[in-house]
Number of protein chains: 2
Amino acid sequence: MHLRKDVHTDGTPALCASCEARHRGVCGALDSAQLVALSKVSRKHKADSGAELIGDSEPVETYSNVLSGVVKLSKMLSDGRQQIVGLQFAPDFLGRPFRPESAISAEAATDVTLCTFPKAAVERMMRESPGLERRLLEQTLKELDEARDWMVTLGRKTAAEKVASLLLLIARNIDPTLASQTGSVTFDLPLTRSDIADFLGLTIETVSRQLTKLRTEGVISIENNRRVIVNDQRRLETRCGN
Amino acid sequence: MHLRKDVHTDGTPALCASCEARHRGVCGALDSAQLVALSKVSRKHKADSGAELIGDSEPVETYSNVLSGVVKLSKMLSDGRQQIVGLQFAPDFLGRPFRPESAISAEAATDVTLCTFPKAAVERMMRESPGLERRLLEQTLKELDEARDWMVTLGRKTAAEKVASLLLLIARNIDPTLASQTGSVTFDLPLTRSDIADFLGLTIETVSRQLTKLRTEGVISIENNRRVIVNDQRRLETRCGN
DNA sequence: CGGCCGGTTGAATCTCTTCAACGTCCGTGG
DNA sequence: CCACGGACGTTGAAGAGATTCAACCGGCCG
């Protein structure tokens, strides 16, 4: 492993010292002085799995960075049908700039750690620091790319391909250090079968059947219904239809 | 109708004088001097229906504004299955900042008029003018909202609801002056049955059947396979599942 | 212990797809 | 001028894939 000087270390607030959002997240656009200012009004806190972070069409007074865990973004039709429209992993930015209220709801899929800022503070900083706006634009473009990728999955893939695609998506995001490995990966599913169904546009029964199919075919192993071992990522990739 | 002074009229380049993108599009963020500078390197031109505007994973040297017509954005799986992931109407901005190549392909769904700029010119202007970056962020957020809305349609709606949703989407975008009217709307479908199928994640046969169903039920009328008359927008809305 | 939640599995059902035939429009060329 | 072919669209019948409904299992908590 190659060691190098961390250019961000000097004068960094304690709160931010070990924060991933300062490197790969939006806070990476801020200098020490700005970090100090923002850290004064920010709050690091935990939320349990299932906690509602942003309610549908409810005024939002804060933005957050996801520091650990997984947040699911979802939309619902009036009759209760639900669709998860995105998953957020550390160090994603959570919130919808320029809108008083969100059109989607955000819920903790697992226990999560968040760093939460008042909306006004972030927006003031956006005006002062074009770099922050740039980062936000980049994150938004990334999310747009992901959303469009997922539209292909939803519209054109079979149930088997959908499930394989989701496993690969999670494997690649849950622990980014293992990203695009070729070998085996192990992780705890951050989603229930019901969540998975809502993300894939399927029913829980179909999800269950496809998972057991992948298991009996030796592509994955499952322990305790939640822990998944992808025996060979490449083999999983071939089942994604891409 | 209320008349008011157009604050943008002074010193505007001839090319931009009547351009919708100067009001509702990204160019609205630019002052006269910037418009003049940009107009010197921009080119207004037409493309026929079916023309490929941005190829999949092909380097992109330009950005464009859509001035008239409809552009479809699509992605394809390796075996040829296709999904349209977005439609762009005037005055949408076309292009993917910060990426040397696009992950999607853009094709003229109808005859279109574009105003095209060199990538470098826009990016320089983005650095000089935070307002432009802001506009771009807003457009990107709008596209993200639309993409997520469509994910619900793809994942959770029935074929009938999908077709109704698409008709409403087009009715609301094709002529924005008629937006959210309650009465009847008439327009030419900018998409073939095949395009519609690729946007909705269906087959052309299913699309055709659902359209005839809407027709026989009196919700819409169809002339020449392309011209659609929505007899009552509210009745169409009730069939969208939202 | 009993009930509930999350998950799995089986059988019947249904929606959408697939395959095939047919109709219309339109430009081309004999 | 009309015949031909292709692009686009509609319709019908058969088939597949996912859903629905139901039963069942194991773990957890009051």
- Task: With heavy atoms under 4.0 Å as the rule, sort Gly201(A) into base, sugar-phosphate or nothing.
- Result: sugar-phosphate
- Rounded to whole angstroms, how far apart are CZ on Arg193(B) and C1' on dT11(D)? 13 Å
- Query: Of the candidate nucleotides dT10(D), dC19(C), dA18(D), which contains the atom at the shortest distance from the side chain of Thr158(A)?
  - Reply: dA18(D)
- Nearest-nucleotide pick for Gln210(B), side chain only, options being dC16(C), dA20(C), dT17(C): dC16(C)
- Message: Distance criterion of 3.5 Å, no angle test: do you see the side chain of Glu205(A) paired donor-to-acceptor with the base of dC21(D)?
- Response: yes
- Rounded to the nearest angstrom, tell me the gap between atom NZ in Lys162(A) and atom C1' in dT19(D). 12 Å
- Do Tyr63(A) and Leu136(A) come close enough that some side-chain heavy atom pair is under 4.5 Å? no
- Between dT19(D) (P) and Arg81(A) (CZ): distance, integer Å: 13 Å
- Item | Verdict with supporting geometry, Glu237(B) and Arg172(B), salt bridge (Lys or Arg N to Asp or Glu O under 4.0 Å) | CA-CA 12 Å; Glu237(B) 279 171 35; Arg172(B) 285 176 172 163; 3.2 Å; yes
- Item | Closest to the Thr203(B) side chain, choosing from dT18(C), dT11(D), dA18(D) | dT18(C)
- Round to the nearest Å and state the distance from Leu214(B) atom CG to dG9(D) atom C1'. 16 Å
- Task: Give a yes or no on whether a donor-acceptor pair under 3.5 Å exists between the nucleobase atoms of dG7(C), that is its base, and the side chain of Arg209(A).
- Result: no
- Note on the structure: Of the candidates dG9(D), dT8(C), dT17(C), the side chain of Ser208(A) sits closest to dT8(C)
- Item | Nearest-nucleotide pick for Thr206(B), side chain only, options being dG7(C), dT10(D), dT17(C) | dT17(C)
- Query: With a 4.5 Å limit on heavy-atom distance, are the side chains of Met76(B) and Val152(A) in contact?
  - Reply: no
- Message: Please report the distance, rounded to the nearest Å, between CG in Leu154(B) and P in dT15(C).
- Response: 20 Å
- Pairwise side-chain contact, Gln88(A) with Leu73(A), heavy-atom cut-off 4.5 Å (strictly under): yes
- Here the distance between atom P of dT17(C) and atom CD1 of Ile196(B), to the nearest Å, is 14 Å
- Whole angstrom is fine here: how far is it from CG in Leu211(A) over to P in dG6(C)? 16 Å
- Item | Nearest-Å distance for atom pair CD1/P, residues Ile204(A) and dG10(C) | 16 Å
- Think Arg226(A) has a side-chain N or O under 4.0 angstrom from the OP1 or OP2 of dG7(C)? yes
- Which residue, Arg156(A) or Leu191(A), contacts DNA chain C at a nucleotide closer to its 5' end, judged by nearest heavy atom? Leu191(A)
- State which of dT10(D), dG7(C), dC19(C) makes the closest approach to the side chain of Asn225(A). dG7(C)
- Message: Can you confirm whether more than 12 heavy atoms, excluding those of Arg99(B), are under 6.0 Å from its CZ atom?
- Response: no
